[in-house]
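All values reported here derive from a predicted model rather than from experimental measurement. The sequence lines fix the lettering, A, B, ..., with proteins before strands; numbering per chain opens at 1.
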Amino acid sequence: MSNRLRVLAALAALPLAWPLAEANAQAKYPHQTVTLVTHSSAGGGSDVFLRELARHLGPAMGVNFVVENVSGGSGAKAMARMAKAPPDGSVFYATTPTYIQTTLLSKPEVGYTALEPVATVFLDPEVVYTRVESPHKTLAAVIEDAKKNPGKAKWGAANPASLERIALERLMRKTGVKAAVVSHEGGGQLMINVLNGTLDIGIGEIQEIRAQLDAGKVRILATLTDKRLDQFPEVATAREQGIDLVVTKFRGLAGPKGIDPKAAAAIGDGIKAVLASPAYKKEYLKENLVVAFMPHAEAVKFTGGFAKEVEASLQEFGLLKK
Amino acid sequence: MARELVTGIAALALAAAYFAAADALPVSLLSDEVGADGVPKAIAVALGLCGLMQLARAALRRAPAAAGDETAAGAKPHLRALGLLGIAIAYVVVTPHVGYLVATMPASACRSRSRRCRSPARSCCGCPS
Amino acid sequence: MSAVAAAWAALTGGWAIPAAFAGVVWGIFGGALPGISPSIAMALLLPFTYGMDPIPAVVLLASVYVGAEYGGSIPAILIRTPGTNSAMATILDGYEMNRQGKGGEALGISLVSGLVGGLFGLVVLALFTEPLARVALAFTPPAYFALGILGLSVVASLSGGSLVKGLIAALLGLMIATVGTDPVSGVSRFTAGAPELLGGIRPILVMVGLFAVSELMIQVGEPDWAKADVRDTRLKLPGRATWKRMIRPHSIGAVIGTVEGVTPGAGGTIAAFMSYNEAKRWSRHPEEFGRGSVEGVAAPEAANNVVTATALVPLLGLGIPGSNSAAILLGGFLIHGMQPGPMLFERNPEVVYALYGGLLVANVAMLLVGLVILGPCLWLVNRPKPYLIAFILALVMSGIYSIEQSFFDVGLTLAAGVAGYFMRWVGLPFLPMVLGVVLGYLVESNYRRSLVLSSGDHAIFVQDKVSLALLLAAVLLAGWSLLRDLRTRSGKARAAGGAPS
């Protein structure tokens, strides 16, 4: 639930847009009502992503989108729900790296292979941050310091075995630094331990650290993205600082396996169009979401590759047997 | 008397089973020195010790004179408790297949019959949302 | 001052006051439903706040929390089933009072204690948010470990007859708490492949199973309902003498509720238990505890309502939600484009003041609504036993089901009920087990986090000042209770030895 906060914010104007619901779709979508399934509960990260997307996509496509929350089991229940749905484009699922991690780590009966990605939409940029009292201004400086004082470095991630926790493990291997890495139960606790100086650095999404960032209590040391973020042009990426670390937290849609390619293409086109609309753009840019649109075929390829990558690193760190 | 013994034996058995389950946990490289199995094993050992103490207490205590109070009541209360549990389980098993309302009516009728009620107890207190 | 004026205008002119009332009513009903925790009651309302103005929306959510903490004590007192986690401690004496025909009185005490606690917490919140927010920052992983140990030290005095049995029960609770994803490595533990167990077993499932389900199983086996028809079925507000007796437990509840509310992650359950324990320790009539003591209801109820306000301290002061309920409230702020945290007081001061005002209204509303709805509640529990058993079973099952629309959870609750039935049969106390379930994760995860930080050196627990102080307190308190128990027991043994049996 680490990113529920960010996406919640976007819901602010949700009711305002309903009057726009005049269908101006070019070709009618085959279903009047489309169900969007998410593993997050009402108000959680993916829930808000879907509701916000639906608010803009619905009028554009002339489709009535309904969000269904199938929480529990870190996505396992939602995947089971998807496996039973007809592959005719009437049901989609909001993807994040979570459903792949859950499939690999807890091996539910129905896993991510029962789903077929239809599109990827956004990337949630991840950053490394520290408290303002820290002498360091960049991630490179932190690493340099850790090398000089072995056994002193203390890093934190929000959740155990999360994408972020694994990213810190990679950071250690890439730089040769040995740090004590502490996992928490969510971003709040992590933030406390960064603020009170227990930890040198924390890793997380921008929205998680927004309150402290605005108040001038924390400083971003590096973004773990391909390019610098538009909102923080002065912050260098890890790569620019000589540390080849990029964390890909994607958001997208998937249907049941064997989904009707026409429906997939229609949804993809709809998303592509709506991403360019100024109203939607204003909102997602405010939340530092980076557009990473990929249509059906590309999304399938990307997700497959991503899953392989995650599987390999889980095996590497002993979380999965080879 | 028997109950004190049962408590001790159950605690020991549970401790052993739990220890074995903890020992079978996979080891992760992301783990710490304590490990995923460290605290559970400590709990298992503590529970085992408590079980032994409980057994010792049960064995050492002089046999109390009032042993027959519960046996006199017989197994009937336990059977009834089992009956209630059976109704509840049947309810859980049946509901996903036949729907909430349909399952609720026979369940409450069944429940009220077992209690020899005049009319079925209404139990539609709130629909699962 | 213009912010205060704006807040006043928003409170009196708009929908804020009706929102406070609506929130309290919803909260009381949600809290009274076993399984629906305050945070779930709030989450269910969250979608409806999208279309509201910011101030009524935030007031509505905060009021739900206030109402739910009181609502939870209604089934605790009347049917021995905690409606919310933190109403657990209220069962001890509240249900006992009810069995003595003083249910109305117990509910009255719970209501006014909640009001006192809520108002005290509000004062603390309004005056000391900034300094107290710094307290939250002093809590490092070793300090949280020590806080959990302090909570567990209460087991020593909650064990009833046998300390060994109390320890066994507490260890069983700790075992339950280890189910789920490992806090450090992320390995799944004891889940038997069930994805539903990855997130751990919710304490409320264990509590409802242990208390409610096992109680029902026993009740069906008993020939008659031990119920007095002459029972006073009206809510009775405490008289002057009772108020006097409640001063001490209220003060204890106020202090403990403040500390536990301010430290993120601790929460109302520990506050309620610890203040019950301390109220017993400092009472002039400790022997009445567990036998229907007024103080035994007043202390935990005051404490958990203090928490409804002080849990907002880290949220407003730091932007960090300290509990699930605070996280939902954070969502309510974000929906309306506000970011709680240090900057909120500068950017949206009127919302902060209006929230304080709304909480004040909510506490008053709780008193009024509480007075009105108790009649029907009492009438309900005085129905014939078969109806009541069917009603409670359905209430419990649909309450549990609606948390996550999960039959798995209902199954877990029934399993806990069977365990509770067995535990009653062999005489294992429930409360240590509940404490183990509630605190197990906090203790284990912070123990291991501390050792990660210190590279395995246990000295970290005494080097951290907060941790050292809390651990010392735990040792002292546990030692004191043990000593007192030993003394009373040997006294009893002497008395028993003197008389022919």
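Both the backbone and the side chain of B:A22 come within contact range of chain C, each with at least one heavy atom under 4.5 Å from a heavy atom of that chain. With a threshold of 4.5 angstrom between heavy atoms, B:E33 approaches chain C through side-chain atoms but not through N, CA, C or O. Only the side chain of C:V410 comes within contact range of chain B, judged by heavy atoms closer than 4.5 Å. Neither the backbone nor the side chain of C:S214 comes within contact range of chain B; no heavy atoms are under 4.5 Å apart. C:L216 touches chain B through backbone and side chain together, each having a heavy atom under 4.5 Å away. Residue C:V443: no heavy atom, backbone or side chain, is found under 4.5 Å from chain B. Heavy atoms closer than 4.5 Å to chain B are found in the side chain of C:L451, but not in its backbone. For chain B, the nearby parts of C:F407 are the backbone and the side chain; heavy atoms of each come within less than 4.5 Å. Both the backbone and the side chain of B:I89 come within contact range of chain C, with heavy atoms under 4.5 Å apart.
The greatest number of non-hydrogen atom pairs below 4.5 Å with chain C, out of B:G35, B:G8, B:A44, B:P26, is found for B:G35. Looking only at heavy-atom pairs under 4.5 Å with chain B, the residue among C:L414, C:V418, C:L428 that has the most is C:L414.
Between B:C50 and C:K165, every side-chain heavy-atom pair lies at or beyond the 4.5 Å cut-off. Residues B:P40 and C:R189 have side chains in contact (heavy-atom distance under 4.5 Å, counting atoms from C-beta outward). You'll find the side chain of C:T178 reaches within 4.5 Å of the side chain of B:Y18, heavy atoms only. Using a 4.5 Å heavy-atom threshold, the side chains of B:L47 and C:L172 count as touching. Annotation: side chain of C:M175 is in contact with side chain of B:L14 (closest heavy-atom distance under 4.5 Å).
Sparse packing is recorded around CZ of C:F29, with 12 or fewer heavy atoms of other residues, nucleotides or ligands lying under 6.0 Å away.
The CZ atom of B:R80 sits 13.5 Å away from atom CE of C:M217, with the distance rounded to the nearest 0.5 Å. Distance OG/C:S185 to CG/B:D37: 9.5 Å, rounded to 0.5 Å. Here OG1 of B:T7 is found 6.0 Å from CZ of C:F422. Values are rounded to the nearest 0.5 Å. Distance check: B:L25 CG to C:F190 CZ gives 5.0 Å after rounding to the nearest 0.5 Å. Atom CH2 of C:W425 sits about 6.5 Å away from atom NE2 of B:H78, to the nearest 0.5 Å.
Contact between C:V426 and B:R3 at its shortest, heavy atoms only, is CG1-O, 4.0 Å. Nearest approach of B:A11 to C:I168, heavy atoms of both residues: CB-CD1, 4.2 Å. Here the shortest heavy-atom pairing between B:A88 and C:M397 reads O-CE, 3.8 Å. Taking both residues in full, the closest heavy atoms of C:L171 and B:A46 are given as CD1-C, 3.6 Å, listed atom of the first, atom of the second, then distance.
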